[in-house]
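Heads up: the structure comes next, in structure tokens.
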Amino acid sequence: MVSEHTSSSHAQVLVASNRGPITYTLDEDGTLDSKRGGGGLVSGLSAVDDKLWVCAALGDGDREAVRRGVGEPGVRMLDIDAEVHADAYNGIANSVLWFVHHLLYQTPVEPVFDTEFRRQWAAYEAYNRAFAQALAEEAGPEAAVLVQDYHLALVPGMLRELRPDLRIGHFSHTPWAPVDYFRLLPDDIAEQLLRGILGADRAAFLTRRWSDAFIGCCTEILGGTGRTRIGVHGLGADADFLRRRSHEADVDERMAALREQVGENRKTIVRVDRTELSKNIVRGLHAYRTLLETRPEWRERVVHIAFAYPSRQDLSVYRDYTAAVQSLATEINGAYGTDGWTPVVLHVKDDFARSLAAYRLADVALVNPIRDGMNLVAKEVPVVSDHGCALVLSREAGAYEELGEDAIVVNPYDVTGTAEALHEALTMSVDERSGRTKRLAEAATALPPQRWFLDQLEALRQE
């Protein structure tokens, strides 16, 4: 047990996540440049001024910043050995835990839990232990510690052993696998993961469905959740930020460029995703192609704006998936495009301003993941839309729980059904689309990021 704290901060609110709020890049001349991150977690944590954020150094710039003692108040970046981090992050978190919770395995051939897996699992344990030790050092007496996501599933249990006085919470930003699929994991690993999270006073999820799945796994494998309380906090969109940011000059410039690519008097189907396997971009493109095949009246009258921003390109399966998306878009344009019409406008370079421009332009938003913890795009588009937008939404997205009533809901595996849903969305009357968009925006912003974080903190302190 850690009885003395090596830091003088003795923080009362601590957050732990793999990625922190700032990243550093090392220039050729040896200078370090910093960049602030975005996203729901960064926005949510702005609700608390006096906090400490513990995160990992993710690249050479981050590691050099730690070694030089460069940083900013309220952030402790851990210089975990690069190979340990790679095995924990890519080998286990992204290639095993992500695949389990998103049901992504091709089970006839994968997974294979062999000696290489066990080697990488040891790295995952070491990585989690580094976080637990840092949190134990930094936390003041009876402090509140909020541990984030599947990368750090073992931290609550490890931290509980080091500092039993702390209030510990764990939040899962992903789905949670149903028990039969979760049991693909080796029995000892499955039990270790559950016990790790149950080291927390409170384990929280984005939807009731995911929390029920976690409880089901604990009940089946461990006989219950013990003293850990289970909560649900459905992260919403930050309406004030999105509405302000989406009307800045750079967004207007991107809108003008997109309008030129789309052409006059054409409707738009918009998707904005990372090229992540669970996002189901390839089936979405097949559905659009089916729409053009079966509903020829839409040829030259609609454009699919598809933003597929490369993700996890250090993993070959993700590189292959990104290439498949690009290949299929090219194929559709070759089969149906004319001199004055490009059926698919595909962009693969991340550009937040251009994403917001597409949100504003969208007549239809296509959000069809195989499985998604929440999916904030489904919540952001109705908030930003200029003229109302029909939402085609997968029933396997966490957002379905809140938005399903006013969306056109699809089975993400059903390409012909998704094509019909796109047709229904494109032909929706202006009045119906406007009414649905208003209701979607209200539901989407019910728990904005700052309130989302404060609710968790208050619930943890009340345990």
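Note that these values count all heavy atoms, side chains included, but never hydrogens, waters or copies made by symmetry.
- Remark: of the listed residues Arg451, Arg167, Arg202, Arg451 is the sole one forming a salt bridge (Lys or Arg N to Asp or Glu O under 4.0 Å) with Glu458.
- Distance alone, capped at 3.5 Å, is enough to place a donor-acceptor pair between the Asp114 side chain and the Glu116 backbone.
- Under a 4.0 Å N-O distance rule, the pair Glu248/Arg245 qualifies as a salt bridge.
- Between the Ser17 side chain and the Arg19 main chain, a donor and an acceptor come within less than 3.5 Å of each other.
- Under a 3.5 Å cut-off, the side chain of Tyr321 and the backbone N or O of Ile281 do form a donor-acceptor pair.
- No salt bridge links Arg354 with Asp250; every basic N to acidic carboxylate O contact stays at or beyond 4.0 Å.
- A donor-acceptor contact shorter than 3.5 Å is absent between the side chain of Thr174 and the backbone of Gly373.
- Side chain of Asn411 to backbone of Tyr413: a donor-acceptor contact under 3.5 angstrom is found.
- Taking a cutoff of 4.0 Å between a charged side-chain nitrogen and a carboxylate oxygen, Arg163 and Glu138 do not qualify as a salt bridge.
- Listed for the Asn128 side chain is a donor-acceptor partner under 3.5 Å among the backbone atoms of Val155.
- The minimum heavy-atom distance linking Leu154 with Gln192 is given by the pair CD2-O, 3.6 Å.
- For the residue pair Ser355 and Tyr309, a side-chain donor N or O sits within less than 3.5 Å of a side-chain acceptor on the partner.
- Considering only residues two or more places apart in sequence or on other chains, Arg371 meets the side chain to side chain contact (heavy atoms under 4.5 Å, CB included) condition with His102, Leu103, Pro175, Pro178, Arg209, Trp210, Glu396.
- Judged as a salt bridge (charged side-chain N to carboxylate O under 4.0 Å, His left out), the pairs with a partner in residues 80-104 (not counting sequence neighbours) are, in order, Asp87-Arg119.
- Of the charged side-chain nitrogens involved, at least one lies within less than 4.0 Å of a carboxylate oxygen, so that Arg63 and Asp79 count as a salt-bridged pair.
- In this structure, the side chain of Lys279 does not engage the main chain of Asp372 through any donor-acceptor pair within 3.5 Å.
- A donor-acceptor pair is defined here as one N or O able to donate and one able to accept, closer than 3.5 Å; no such pair exists between the side chain of Thr445 and the backbone of Ala239.
- The backbone N or O of Arg208 sits less than 3.5 Å from a side-chain atom of Ser211, completing a donor-acceptor pair.
- The existence of a salt bridge linking Arg227 and Asp201 is excluded, since no basic side-chain nitrogen approaches an acidic carboxylate oxygen closer than 4.0 Å.
- Residues Val272 and Tyr359 meet the side-chain proximity criterion, which asks for heavy atoms closer than 4.5 Å.
- In this structure, Phe171 and Trp452 have perpendicular ring planes: the angle between them is above 60°, well past the 30° mark.
- Tyr24 and Glu64 share no side-chain donor-acceptor pair at under 3.5 Å.
- Under the 3.5 Å distance criterion, with hydrogens and angles disregarded, a donor-acceptor pair is assigned to the side chains of Tyr127 and Asn18.
- Ring geometry, Trp176 versus Phe205: the interplanar angle exceeds 60°, so the pair is classed perpendicular (tilted spans 30 to 60°).
- A salt bridge is defined here as a Lys NZ or Arg NE, NH1 or NH2 lying under 4.0 Å from an Asp or Glu carboxylate O, and Glu405 with Arg439 fails to meet this definition.
- Looking at Arg433 and Asp363, a side-chain N of the basic residue comes within less than 4.0 Å of a carboxylate O on the acidic one, giving a salt bridge.
- Taking a cutoff of 4.0 Å between a charged side-chain nitrogen and a carboxylate oxygen, Asp188 and Arg118 qualify as a salt bridge.
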